[in-house]
Amino acid sequence: MEISIDQEKSTQQVTSKKGGVRTMPFIIANETFEKVASVGLHINMVLYLLYEYHFDPATGAIIIFLWNAMSNFMPIFGAFLSDSLLGRFRVIAGGTLMELLGLVVLWLTAIIRRARPPECHAQACPTPTPPQLLLLISSLALTALGAGGIRPCSIAFGADQINHPENPQNERNMKSFFNWYYVSVGISVMVAVIFIVYIQAKYGWIVGFGIPVGLMIVSATVFFLGSLLYVKVKPNKSLFTGFAQVIAAAWKNRHLALPPNNSETSWYFKNGSNLVEPTNKARYLNKACMIKNRERELDSDGIPVDPWNLCTVRQVEELKAIIKVLPMWSTGIIVATITSQHSFSVVQAGSMDRHLFGLELPPTSFSVFLILSLTIWVAIYDRLLIPLLKSRALTLKHRMGAGLVLSCLAMVVAALVERKRRNEAIKEGFIDNPKGVVHMSAMWLVPQYCLTGLAEALNAIGQIEFYYSQFPKTMSSIAVALFYLGLGMGNLVASIIVKVVNVGTRRSNGVSWLSTNLNRGHYDYYYALLSILSFINVLYFLLCSWIYGNTQDINNWDDEQEADHDIHKI
């Protein structure tokens with residue numbers, strides 16, 4: 001976990017020759033093209049599953065949720081892999097190629113007619129065969145694995161290029177980098193929603209899936225072109241191993257009493273480390289870095305004879321940092337559940353009047369309002385509010401909490417709009433015709449999209465900055481991966497909620513809240529349930545924020561210059 005003087009000097013020399021703003025086009029272009037390729041598929045995939053694989057809306061939504069969950073679970077493994085073994089550059093490179101392979105396989109499902117169930121215009125359509133389902137799942141799994149390499153490392157890799165702690169403006173530059181990096185992602189998502197989705201709807205799946213393949217090829221090419229310019233921070237030793245050693249050492253020493261504060265107890269740390277004494281939070285783990293018997297536990301060079309019995313103070317504090325943020329992290333699960341509710345909105349939009357300025361928009365195109373609200377807020381906050389408010393700008397906790405409140409409000413609005421749409425459908429005689437288009441503009445869906453986008457802008461960016469600020473630089477990929485892990489948990493929770501609601505509310509006539517016939521179902525009740533869960537989550541966040549306390553307990557993670565294995569006594 002520790003960085004030696006030689007390694008740090010080497011890194012500084014390399015940093016002076018490489019990195020900087022000139023590398024940003026290569027890194028951001030890689031992320032942008034990847035996002036355009038993948039998001040264009042995620043948004044429209046529910047229609048592909050409904051029309052080409054004959055799944056019902058609830059089943060299609062569950063598949064999308066699970067796919068998104070896997071795409072967001074994999075980054076935690078990519079983060080540990082990059083920080084511990086391969087480094088960020090190699091993990092991004094491998095993830096890019098893996099995702100490209102997944103997109104090619106998905107493209108083949110559209111090209112090869114027998115890879116999908118036969119066309120059907122009847123009520124009961126054939127379901128996909130096991131080989132067809134296996135090919136589809138393989139393509140989704142490969143893209144999820146690729147996302148696991150790109151998502152946790154790309155933003156941290158970009159931060160590696162411009163992070164200069166000695167610069168007085170470094171903190172401001174990093175905050176601006178996080179905001180505008182997210183804006184670039186938002187713009188790419190907007191392009192995907194407007195153009196990729198339109199192309200898929202207009203020219204079919206073969207062309208619609210072929211374009212993301214081409215974009216992913218461009219993404220890989222651009223990224224590799226900048227290879228010689230990047231700062232490539234070397235990985236540490238396995239973080240998994242370091243965390244396991246702390247837990248094992250604390251367990252072995254569980255019977256020992258912790259010393260009182262300001263005692264003369266020796267703590268093990270390396271020469272030059274600023275972390276010379278463990279903090280008082282999660283004090284049980286402090287037993288892992290207590291020196292009980294110097295002659296027995298340390299060799300002649302001051303190195304622990306058994307690293308599973310004695311760890312450094314820094315190792316202990318790194319594990320504490322992970323444990324400490326988990327309650328705050330858990331508050332993002334429900335908001336991730338809320339922001340992933342696009343599949344049902346697409347079905348709703350398909351039954352509403354989608355004409356705008358004489359053009360009929362695809363049902364999936366309304367997601368663009370989510371991205372617009374997100375992007376506009378980030379621009380206003382970064383360029384207007386921060387300079388205007390200065391020290392009175394919103395804290396990270398304030399931004400995260402505000403996002404949770406807005407996500408709750410978004411579901412309230414969604415429930416009211418769906419109630420109005422359903423009443424209109426029944427009034428116009430479409431109770432048994434879910435494909436009937438009511439005389440109600442799909443623009444009614446825009447407020448819930450805008451509120452969701454604003455909630456994501458506040459909470460998601462706040463989360464990423466929060467985790468990044470609480471961890472050392474060597475764990476920055478894990479900081480980003482925690483955010484994606486929360487998204488994955490949100491999608492998993494969403495799939496469970498859909499399954500429980502669909503089964504638990506099914507009446508004797510087979511109709512549930514999430515019925516295939518949304519006019520006989522009650523999607524408004526479903527949104528109301530989500531709003532209740534979101535309100536409870538707001539209260540839970542307030543409790544976790546109060547318990548978390550000070551965010552500046554350790555603010556000198558990366559100021560250390562450590563020589564090899566010297567021991568000091570406090």
Side-chain angles (χ1 to χ4, degrees), residues 23-45 47-48 64 67-68 70-75 77-78 81-82 86 88-112 115 135-155 157-158 181-182 184-201 203-227 230 364 367 371 480 484 487:
T23 61
M24 290 299 103
F26 299 100
I27 298 172
I28 293 180
N30 171 257
E31 176 84 0
T32 300
F33 284 116
E34 186 272 335
K35 275 291 184 292
V36 173
S38 62
V39 172
L41 296 180
H42 279 257
I43 291 176
N44 234 12
M45 184 56 66
L47 298 182
Y48 189 59
I64 297 298
W67 181 30
N68 288 335
M70 185 178 180
S71 298
N72 290 312
F73 280 142
M74 295 312 299
F77 298 104
L81 195 64
S82 67
L86 300 179
R88 293 178 191 124
F89 173 78
R90 291 180 181 176
V91 172
I92 294 174
T96 300
L97 297 177
M98 185 75 72
E99 186 160 351
L100 175 59
L101 178 60
L103 292 177
V104 170
V105 174
L106 183 61
W107 190 26
L108 291 177
T109 67
I111 295 174
I112 304 173
L135 189 63
L136 174 67
I137 292 175
S138 298
S139 67
L140 302 183
L142 285 169
T143 58
L145 288 171
I150 298 173
R151 293 182 181 181
C153 302
S154 188
I155 190 170
F157 189 61
Y181 191 95
Y182 212 88
S184 71
V185 172
I187 292 174
S188 64
V189 172
M190 194 184 309
V191 171
V193 170
I194 295 175
F195 295 104
I196 302 298
V197 168
Y198 177 79
I199 290 172
Q200 289 170 352
Y203 298 102
W205 301 109
I206 296 178
V207 176
F209 287 168
I211 290 178
V213 171
L215 290 174
M216 203 63 209
I217 292 174
V218 174
S219 174
T221 302
V222 170
F223 180 74
F224 286 114
L225 283 176
S227 176
Y230 300 141
T364 49
S367 298
I371 309 302
V480 179
Y484 284 111
L487 292 183

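Any value given below was found using the heavy atoms of this structure, including those in side chains, with hydrogens, waters and symmetry copies removed. In this chain, residues are counted from 1 in sequence order.
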When every non-hydrogen atom of Tyr230 is compared with those of Val222, the smallest separation belongs to OH-O, 4.3 Å

Closest non-hydrogen contact found for Ala110 with Phe209 is CB-CD1, 3.8 Å

Across all chains, not counting sequence neighbours, the side chain to side chain contact (heavy atoms under 4.5 Å, CB included) partners of Phe77 are Met74

[X] side, atom [atom1]; [Y] side, atom [atom2] - distance, nearest 0.5 Å:
| X | Y | atom1 | atom2 | answer |
| --- | --- | --- | --- | --- |
| Leu142 | Ile137 | CG | CD1 | 12.0 Å |
| Ile150 | Met216 | CD1 | CE | 4.0 Å |
| Leu136 | Leu108 | CG | CG | 12.5 Å |

Residues at least two apart in sequence or cross-chain that pass ring-ring contact (aromatic ring centres under 6.0 Å, His included) with Trp67, listed by chain then number, are His42

List the atom pairs, with distances to 0.1 Å, where a side-chain N or O of residues 89-106 and a protein N or O form a donor-acceptor pair under 3.5 Å, not counting sequence neighbours.
from: Thr96; atom 1: OG1; to: Ile92; atom 2: O; distance (Å): 2.8

* Between Leu487 and Phe73, is any pair of side-chain heavy atoms under 4.5 Å apart? -> no

